[in-house]
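See structure below.
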Amino acid sequence: MTISEQQKSELQQAIVDMEVNQQELDRLITQADIMSKRVIEILNRIKGLNK
């Protein structure tokens with residue numbers, strides 16, 4: 001099976017798009033991790049105040 005230049009180009013663009021999406025996911029995961037750590041810090045402070 002041969003693929004046309006247009007199909008090659010579309011595949012290359014799809015790969016680039018996937019890489020960009022992966023970078024965005026990694027960024028969001030990092031942000032979520034930071035936020036969850038902040039939430040835990042706040043909950044621990046609240047626990048400390050209620051003692």
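Values below: all heavy atoms of this structure, side chains included; hydrogens, waters and symmetry mates excluded.
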**OP:** Go through the steps to decide whether Lys8 and Leu11 satisfy the test side-chain contact (heavy atoms from CB on, under 4.5 Å), and finish with yes or no.
**Re:** CA-CA 5 Å; Lys8 271 187 198 172; Leu11 275 170; 5.8 Å; no

Subject >> Nearest-0.5 Å distance, CD of residue Gln12 to CD1 of residue Ile15 >> reply: 7.0 Å

Original post:
Is the count of non-hydrogen atoms from other residues, nucleotides or ligands lying under 6.0 Å from Gln31 atom CD greater than 12?
Top reply: yes

Original post:
To the nearest 0.5 Å, how far apart are CD1 in Ile3 and CD in Glu10?
Top reply: 10.0 Å

Subject >> CE on Met35 to NZ on Lys37, rounded to 0.5 Å >> reply: 13.5 Å

**OP:** Please round to the nearest 0.5 Å and tell me the distance separating atom CD of Glu41 and atom OG of Ser36.
**Re:** 10.0 Å

Original post:
Taking the side chain as C-beta and beyond, is there a heavy-atom pair between Leu25 and Asn21 under 4.5 Å?
Top reply: no

Subject >> Lys47: which of Asn44, Leu49, Leu43, Asn50 passes side chain to side chain contact (heavy atoms under 4.5 Å, CB included) >> reply: Asn44

**OP:** Only counting residues at least two apart or in another chain, list the ones meeting side-chain contact (heavy atoms from CB on, under 4.5 Å) with Ile29.
**Re:** none

Subject >> Side-chain donor-acceptor pair present, Gln23, Glu19, cut-off under 3.5 Å >> reply: no

Original post:
Taking Ser9 for the side chain and Glu5 for the main chain, is one N or O donor matched with an acceptor at less than 3.5 Å?
Top reply: no

Subject >> salt bridge (charged side-chain N to carboxylate O under 4.0 Å, His left out) partners for Arg38, two or more places apart >> reply: none

